[in-house]
Amino acid sequence: MNVIKRRRVRGGFLTLAVAMGVAAVTPAGTPWRNTAATATAAESGVAEPTAAKSTTAESTVAESTVMGFTDAADHTRLRALLRRLTTVDGAPGVLVEVRNRHGGSSVLTSGVADVKSHAPVRRDSRFRIGSVTKPFVATVVLQLVGEHRVVLDAPVERYLPGVVRGHGNDGRRITVRQLLQHTSGVPDYLAYLTPQEILEDPLAHHDIRDLVNIALAHPPTFEPGTGWRYSNTGYLLAGMLIEKVTGHPYGEEIHRRIIAPLGLRETYVPGDALSIPGPHPRGYARPGEDAPLVDITEINPSVAGPGGSMISSGTDLNRFLAALVRGRLLHPAQLRQMMKTRPTGNPDGRAYGLGLESRPLPCGGLSWGHTGDALGYETMAGATVEGRQATVMVNLDPGGSDAQDDDMKAAVRTALCGSR
């Protein structure tokens with residue numbers, strides 16, 4: 001359920017790109033100084049993981065805490081998961097930020113932001129959030145619904161006449177709701193645009209309409225409303241709808257309606273900007289199971305567009321999700337629509353609403369949020385309606401292991417359950 005789908009690298013889809021040198025980006029040269037306290041395994045009483053395939057220079061966990069944790073055992077488990085991610089699981093670096101209903105937060109980091117300089121991951125890091133962009137886009141669409149400028153169950157054709165056509169795709173039979181919930185049957189353009197193709201020209205601009213046309217050259221995956229299948233194309237169309245209705249690009253509307261009102265100072269819709277502003281870890285891919293990491297920090301994010309181009313931070317994502325699930329961004333009627341989910345068929349119980357997914361928590365209740373893969377970074381963010389939020393980021397994608405996914409999910413669950 002992410003922007004870059006082929007993350008688990010079994011062969012070497014980046015081999016050609018690496019050979020051509022297109023993914024080689026000069027890493028940041030000057031290590032920064034980490035002033036956060038460092039907790040070692042001996043200090044925390046947690047045994048160090050035993051596997052050794054680590055790309056990091058250290059396995060200590062740095063922390064900066066302000067009232068974020070209320071249970072020492074959960075804190076200890078979370079620190080052990082971070083060490084595992086940067087040792088056994090092979091991620092260069094990881095960050096988790098936890099926030100409680102009183103505004104207190106804790107930031108834990110492990111590993112390195114740069115495998116050459118061994119600079120640690122900074123607690124105020126920005127990173128590419130991939131498909132965690134989708135809740136921002138869906139929120140804007142639902143605000144337009146609340147303003148009576150968009151009707152959820154109206155056909156896409158009403159807002160984008162003639163756009164969704166060809167090979168059995170028909171915007172007259174697809175609703176706005178279906179775009180946001182991945183029930184439209186519109187094929188995912190990333191099924192036909194591989195990471196290798198992207199990395200052959202990583203700095204190229206990609207027009208949203210051109211990306212949509214890649215998808216529409218293929219038949220729908222099912223009849224609208226009869227199934228569920230994740231499609232980034234639906235969110236490209238949602239971004240186009242926002243521009244058609246408001247007269248402004250989707251990024252301007254996200255900034256005006258969400259970023260500015262919430263004071264999200266570390267969140268950007270980058271357009272064609274290649275770099276990540278502010279402090280950030282380098283982003284890496286692993287071309288094959290035992291291959292060296294490739295630095296892919298700088299890339300033109302227009303290839304993801306409204307489906308996954310945004311940049312943010314743990315602090316800002318937690319603040320956004322808190323505002324969203326607690327009703328600060330949407331009227332109650334629209335928030336109920338967003339949180340009206342349908343099963344995805346995933347064995348973990350995941351269900352999908354309108355740009356927002358839910359997952360059952362082992363302590364009871366649900367985590368509301370999203371996952372995101374972008375070239376160089378993987379992100380998972382979740383929140384509870386009771387007022388707790390957690391965001392986890394690793395700077396490896398594609399090429400991370402299934403264990404990386406599992407331990408990131410475990411970190412979010414641990415952080416959100418707190419002392420419950």
Side-chain angles (χ1 to χ4, degrees), residues 1-2 39 41 44-49 51 61 63 65 67-89 91 94-102 104-110 131-132 135 228 230 314 317-318 320-322 324-326 338-353 356-373 378-394 400-420:
M1 297 179 62
N2 305 293
S44 65
V46 178
E48 199 64 64
V61 179
E63 63 181 291
T65 305
M67 297 170 52
F69 291 97
T70 56
D71 187 275
D74 289 327
H75 192 180
T76 299
R77 283 193 290 271
L78 192 55
R79 294 196 301 178
L81 282 167
L82 266 65
R83 282 195 298 275
R84 181 177 176 84
L85 278 160
T86 53
T87 53
V88 177
D89 299 345
V94 59
L95 173 149
V96 59
E97 178 154 344
V98 185
R99 190 171 180 264
N100 63 30
R101 63 165 51 201
H102 306 296
S105 66
S106 298
V107 182
L108 305 179
T109 65
S110 181
S131 284
V132 188
W228 188 92
Y230 197 82
L317 287 182
N318 285 346
F320 164 66
L321 285 176
L324 180 59
V325 303
R326 305 192 78 182
M338 180 177 241
M339 300 175 84
K340 184 178 180 180
T341 61
R342 62 157 295 152
T344 64
N346 193 295
D348 68 1
R350 185 189 317 167
Y352 206 92
L356 198 64
E357 63 183 15
S358 68
R359 295 173 189 255
L361 288 171
C363 54
L366 295 171
S367 165
W368 293 96
H370 217 285
T371 59
D373 290 300
E378 181 177 6
T379 304
M380 295 187 184
T384 67
V385 294
E386 293 82 15
R388 200 168 180 89
Q389 305 90 45
T391 294
V392 181
M393 178 279 303
V394 300
S401 64
D402 291 333
Q404 175 177 302
D405 269 4
D406 292 342
D407 285 337
M408 290 180 72
K409 291 173 188 174
V412 172
R413 289 194 300 266
T414 299
L416 291 181
C417 279
S419 58
R420 288 195 289 166

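All values below come from the heavy atoms of this structure, side chains included, with hydrogens, waters and symmetry mates left out. Here the structure is a predicted model, which is why all the values come from computation and not from measurement.
- Remark: the T391 side chain and the N318 side chain contain an N/O donor-acceptor pair separated by less than 3.5 Å.
- Looking only at side-chain heavy atoms (C-beta outward), D407 and V88 stay at 4.5 Å or farther from each other.
- For the pair G372 and V132, the tightest heavy-atom approach, listed with the atom from each and the gap, is N-CG2, 3.8 Å.
- Between M393 atom CE and E97 atom CD the span is 11.0 Å, to the nearest 0.5 Å.
- Rounding to the nearest 0.5 angstrom, the gap separating the CZ atom in R83 from the CG atom in L108 is 10.0 Å.
- What you find for C417 and L361 is that their closest heavy atoms are SG-CB, 4.2 Å.
- Tested against S110, the residues L85, T86, L81 include a single side-chain contact (heavy atoms from CB on, under 4.5 Å) partner, T86.
- Side-chain contact check for M339 versus V385: some heavy-atom pair is nearer than 4.5 Å.
- Closest of all the heavy-atom pairs between L416 and A390 is CD2-N, 3.7 Å.
- A salt bridge links R359 with E357: the closest approach of a Lys/Arg side-chain nitrogen to an acidic carboxylate oxygen falls below 4.0 angstrom.
- For the pairing with T371, the side-chain contact (heavy atoms from CB on, under 4.5 Å) check across M380, M408, K409, E378 returns one residue only, M380.
- Aromatic ring orientation, H370 versus Y230: tilted (interplanar angle from 30° to 60°).
- Rounding to the nearest 0.5 Å gives a distance of 7.0 Å between OG1 of T384 and CD of Q389.
- Pairing each heavy atom of L321 with each of A383, the nearest pair is CB-CB, 3.8 Å.
- Contact check for D89 versus V94: no side-chain heavy atoms found under the 4.5 Å cut-off.
- In this view, S358 and T341, A351, L366, W368 satisfy the side chain to side chain contact (heavy atoms under 4.5 Å, CB included) rule, not counting sequence neighbours.
- Looking at residues two or more places apart in sequence or on another chain, you find a side chain to side chain contact (heavy atoms under 4.5 Å, CB included) between R326 and R101.
- Here the closest non-hydrogen pair linking R350 and N346 is NH2-ND2, 3.2 Å.
- Counting heavy atoms from C-beta outward, T109 and V107 have side chains that approach closer than 4.5 Å.
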